[in-house]
Student: 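To start, I am sharing the structure in question, which I have written as structure tokens.
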Number of protein chains: 2
Amino acid sequence: MANTKKRSECPISNSLEAWGDKWSLLIIRDLMFKGVCTYGDFMKSPEKIATNILASRLLDLEENGIITKEIHPENRTKFLYKLTEKGINLFPLIVEINLWAEKYYPVPEERKEMLEEIHKDKEAFIKNGMAKLRE
Amino acid sequence: MANTKKRSECPISNSLEAWGDKWSLLIIRDLMFKGVCTYGDFMKSPEKIATNILASRLLDLEENGIITKEIHPENRTKFLYKLTEKGINLFPLIVEINLWAEKYYPVPEERKEMLEEIHKDKEAFIKNGMAKLRE
DNA sequence: TAAATTACTTGTACTTTGCAAGTAATTTTA
DNA sequence: TAAAATTACTTGCAAAGTACAAGTAATTTA
């Protein structure tokens, strides 16, 4: 993941080198749905990422300019991770993944409302969602 | 990749288990842009996938119902790989990846025309592109 | 001031990947 | 029609990545 040599000039290939593994998009998902997270928040996710992998992925995403890390304003033992504009711009992609998955896998209860909203007005959902992340 | 145990019920996580690695979406990209491919066609792609990885990914994608494999009608030493409806439905995702990458990486000359089309009328581009793949 | 939190790092075993070489079934060429 | 070439793989092995368990340093809470 912390690879430096480009495989090709292809936009798909370049993208995959930034977030194309089993874990990165889950970290990005958490940041999009929960807004801002600490290391411990990521560890609580149901997929149970190994702690060393999480540390490695957070560093990779930071190096790729997709997330930033800053000191928690209320507790100096914590750090806050948040999406950069580059990360926020992955929002439409996450929406499309949800739409694809909806067709082929059972949708968990807590995502049904979101999918309903997307179906009502996808453009509005994306616009509002991204605006909230920029606050 | 040929993992069977679900990490969670999350649509993003389920999707990543089907195509969330460094190579699968490149195979899908080739099938979308070239229409139908043989093993050798995939090997010619600029990213230079290792032959054992390609064989493994093709099998995984087939097992996940994203591609099919059939005998080449004109040459019995070859096989034709093509996208299923499930695979074709990844088209909007591939479009969004291209749009994201356009913002952050140099766009290769041969993709500029496509991106122009997408910007003119994204919905139409997706509709037409998917229709062509179904022919 | 001791115990708990938080965000990691380290060690080790296991799995996956990447590269090189080899093989079986055709198909083409001489 | 026999030898060479094509095609789609498989196999072996070293290197890299992943998973799990345990440990640590800097605060913060009790």
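Below, read A as the first sequence line, B as the second, and so on, with proteins coming before strands; counting in each chain starts at 1. Quick note: numbers below take in every heavy atom, side chains included, and nothing from hydrogens, waters or symmetry partners. Bear in mind that the values here come from a model prediction, so they are computed numbers and not experimental data.
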Student: How long is the line joining CZ of Arg7(B) and P of dC20(D), in whole Å?
Tutor: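 Going from CZ in Arg7(B) over to P in dC20(D) covers 12 Å.
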Student: Looking at Lys22(B) and Glu47(B), does any basic side-chain N land under 4.0 Å from a carboxylate oxygen?
Tutor: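 Salt bridge flag = no for Glu47(B) with Lys22(B).
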Student: Given atom CG of Asp21(A) and atom P of dA19(D), what is their separation to the nearest angstrom?
Tutor: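 It is 10 Å, rounded to the nearest whole Å.
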Student: For the pair Ser15(B) (side chain) and Pro11(B) (backbone), establish whether a donor and an acceptor sit closer than 3.5 Å, ignoring hydrogens and angles.
Tutor: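 Present.
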Student: Using a strict threshold of under 4.0 Å (side-chain N to carboxylate O), is an ion pair present between Glu17(B) and Arg7(B)?
Tutor: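 Counted as a salt bridge, because a side-chain N and a carboxylate O are separated by less than 4.0 Å.
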Student: Do we get Lys69(B) above Tyr81(B)'s six-membered ring, with its NZ or CZ under 6.0 Å from the centre and within 45° of the axis?
Tutor: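 The answer is no; the distance or angle limit is not met.
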Student: Mark yes when over 12 heavy atoms from residues, nucleotides or ligands other than Lys86(B) sit less than 6.0 Å from its NZ; otherwise mark no.
Tutor: yes
Student: Let me know the distance between CG of Leu58(A) and C1' of dT18(D), rounded to the nearest Å.
Tutor: 16 Å
Student: So does Lys82(A) pair up with Glu70(A), basic N to acidic O under 4.0 Å?
Tutor: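 Answer for the salt bridge query: yes.
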Student: Using the salt bridge (charged side-chain N to carboxylate O under 4.0 Å, His left out) rule, pick out the option among Glu117(B), Glu116(B), Glu96(B) that qualifies with Lys122(B).
Tutor: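 The option that passes is Glu96(B).
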Student: Examine dA19(D): is either OP1 or OP2 under 4.0 Å from a nitrogen or oxygen in the side chain of Trp23(A)? Give yes or no.
Tutor: yes
Student: Let me know the distance between CZ of Arg57(A) and P of dT9(C), rounded to the nearest Å.
Tutor: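 To the nearest whole Å, that distance equals 14 Å.
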Student: Crowded around Ile71(B) CD1? As in, over 12 foreign heavy atoms under 6.0 Å?
Tutor: no
Student: List in numerical order all residues of residues 39-54 of chain B for which some heavy atom is under 4.0 Å away from an atom belonging to DNA chain D.
Tutor: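 Within this stretch, Tyr39(B), Gly40(B), Thr51(B), Asn52(B) sit under 4.0 Å of the strand.
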Student: With a 4.0 Å heavy-atom cut-off, tell me which residues in residues 67-81 of chain A come close to DNA chain C, sorted by residue number.
Tutor: Lys69(A), Thr77(A), Lys78(A), Phe79(A), Tyr81(A)
